[in-house]
Amino acid sequence: MASGDAAFSVVISIEQLKRLDRAKNLAGESSRSAFVRDALESHIARRKAKPNLSGPGLDKGVGTYVKKIGITLSSSNNLEFLDEIVDSENTSRSRFVREFIDSFVD
């Protein structure tokens with residue numbers, strides 16, 4: 001698999017970025033992408049409860065200022081499975097991942 005096969009970007013708020021960095025540092029992880037990838041793939045593998053999506057409006061992760069982070073899953077199969085979840089929730093990758101991040105970082 002080429003590394004780009006499972007890559008996508010997510011736009012998050014500055015506040016969410018700060019919480020993500022704090023959680024990443026507490027976990028001893030060196031990169032945001034690896035931290036989110038590990039948590040997201042663990043979530044996908046367990047098929048735990050999905051994030052509580054807040055309807056058609058803006059989700060909690062979108063603030064006044066935004067920052068784009070890159071996410072690379074370990075396989076295109078995981079990306080396809082994420083897309084199946086996203087389709088079943090009638091949402092987008094970015095929104096799902098933003099709300100997923102909110103579910104595990106304080």
### Query
With no hydrogens and no angle check, is any side-chain donor or acceptor of S42 less than 3.5 Å from a backbone partner on A39?
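Checked: no pair found.
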Looking at [atom1] of [X] and [atom2] of [Y], how far apart are the two atoms once the value is rounded to the nearest 0.5 Å?
| X | Y | atom1 | atom2 | result |
| --- | --- | --- | --- | --- |
| L82 | N77 | CG | CG | 12.5 Å |
| R98 | I101 | CZ | CD1 | 9.0 Å |
| D87 | F96 | CG | CZ | 11.5 Å |
| K68 | S94 | NZ | OG | 8.5 Å |
| E29 | F35 | CD | CZ | 8.0 Å |
| L79 | I71 | CG | CD1 | 11.0 Å |

### Query
So which heavy atom on S75 is nearest to which on A6, and how close?
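Of all heavy-atom pairs spanning S75 and A6, the closest is O-CB, 3.4 Å.
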### Task
For residues N78 and S74, report the shortest heavy-atom separation together with the two atoms involved.
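In terms of heavy atoms, the two residues are closest at ND2-OG, 3.3 Å.
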Is any side-chain heavy atom of [Y] closer than 4.5 Å to one of [X]?
| X | Y | answer |
| --- | --- | --- |
| D102 | Q16 | yes |
| L17 | R32 | yes |
| V36 | V10 | no |

### Task
Determine, for E99 against R95, whether the closest basic-nitrogen to carboxylate-oxygen distance falls under 4.0 angstrom.
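Salt bridge flag = yes for R95 with E99.
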### Task
Start with the C-alpha distance between F8 and V97, add both sets of side-chain angles, then the distance that settles side chain to side chain contact (heavy atoms under 4.5 Å, CB included), and finish with yes or no.
CA-CA 11 Å; F8 62 100; V97 173; 4.0 Å; yes
